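Beneath this line is the structure, given in structure tokens, with notes to follow.
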Amino acid sequence: MTDARVLDDLAARLRSARAVAAMTGAGISAESGVPTFRGADGLWRTYSAADLATPEAFARDPDLVWQWYRWRQGIIGRAQPNAGHVALARFQSRLPGFTLITQNVDGLHQRAGSTDVIELHGNIWRARCARGCGVVRETRADPSGAGPAGGEGPLPVCPCGALLRPDIVWFGEALDPRHAGAATRAAEACEVFLAIGTSALVYPAAGLPLVAGRAGAVVVEINVDDTPLTPHADIVLRGTAAGLLPALEARL
Ligand code: BV8
Ligand code: ZN
């Protein structure tokens, strides 16, 4: 089938589905200028996940970890949602049973107009108590990357006296069970599952399209490259999220 026929066919399935779930990864924000993790220019080529994105790293060197997140806040604060984010926000208004799940922490889906986004790995614009007293703070979306947790100033401190940390799920940490539960239920209930711009390597998120497939959903991969999900996908669309999602949305 030609790409246009595949998109026509997929759009017809989406229109007739009672429930649709989409899960995005860093690839959808790549065209907004936000670096991915594992690509040629990915963050893990330059930085070690173990040194930056684990609770042990924060305990060892909170300054370094905050510097890295402030730098990323700067990039994300200057970025704009792209046509892929905008198309997914329109999916939500066109498809009644649509659930958007993201592994991204950048908040670009919400800036494009999506609501009720399930953020599996947290959000870079929030900080929370590292000791776990329950305090959560918004950090300002300042393009310089500065904010209550930003700049070169002292590390942000919780009223309880502990440090604040980025409200992000690091390696070795459990996902918030409310978010993991909602995402699993959406994967089990959907008739079409779209996996968009994710390397499908980080669990438990990478298991969601497999859950959906086992429950009978049509699994669609949208990615510029092959991933471990590719052999399990029913439909593979090779191309960019910002190119393919608007083409699909135009057919809904
Ligand atoms: C947990 C936050 C249990 C950083 C992130 C060995 C085997 C199996 C599992 C494990 C194992 N060892 C450890 C584990 C578990 C571990 C895991 O899965 N590790 C993997 C790497 C082996 N998982 C965990 O630790 C999770 N927790 O299991 O808890 C538990 C239970 C109870 C009690 C205690 C503990 C926690 C996972 C935390 C994830 N957090 N870091 C930050 O953002 O600051 S991971 C990081 O990767 C990001 O969050 C990101 O969302 C996530 C996934 O990456 P992707 O989004 O897919 O991005 P990536 O760069 O990899 O890929 C981009 C893709 O886009 C590519 O495919 C590319 O081709 C494509 N692309 C590029 N441009 C485009 C495009 N596609 C379309 N259009 C384009 N334009
Ligand atoms: Zn506290």
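Order of appearance sets the numbers: ligands from 1, and atoms from 1 within every ligand. Just so we're clear, the structure is a prediction, and the values are computed from it rather than from any experiment.
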Arg38 atom CZ, neighbour heavy-atom count above 12 within 6.0 Å: yes
Nearest atoms (heavy-atom pairs only) where Leu155 meets Leu163: CB-CD2, 3.8 Å
Protein contact for atom 13 (C) of ligand 1 (heavy atom, distance under 4.0 Å): no
Nitrogen or oxygen atoms of Ala241 and ligand 1 under 3.5 Å apart: yes
Heteroatom proximity flag, Glu31 to ligand 1, N/O under 3.5 Å: yes
The one among Ala53, Ala174, Ala205 that brings a heavy atom closest to atom 32 (C) of ligand 1: Ala174
Of Arg13, Arg18, Arg15, the residue whose pairing with Glu191 passes salt bridge (Lys or Arg N to Asp or Glu O under 4.0 Å): Arg18
Closest candidate by heavy atom, reference atom 5 (C) of ligand 1, pool Asp226, Ile124, Val169: Val169
Nearest candidate to atom 63 (C) of ligand 1, where distance is taken over non-hydrogen atoms, out of Gly197, Gly243, Ser29: Gly197
Asp8 side chain near Arg251 side chain, heavy-atom distance below 4.5 Å: yes
salt_bridge(Arg60, Asp51) N-O dist < 4.0 Å: yes
The one among Phe171, Tyr69, Trp44, Phe37 that brings a heavy atom closest to atom 50 (C) of ligand 1: Phe37
Close side-chain approach of Asp176 to Val169, heavy-atom, < 4.5 Å: no
Test: Arg165 cationic atom under 6.0 Å from Trp170 six-membered ring centre, within 45° of axis: yes
Heavy-atom nearest option to atom 68 (C) of ligand 1, drawn from Leu120, Asp225, Asn223, Thr24: Asn223
Sub-4.0 Å protein heavy atom next to atom 75 (C) of ligand 1: yes
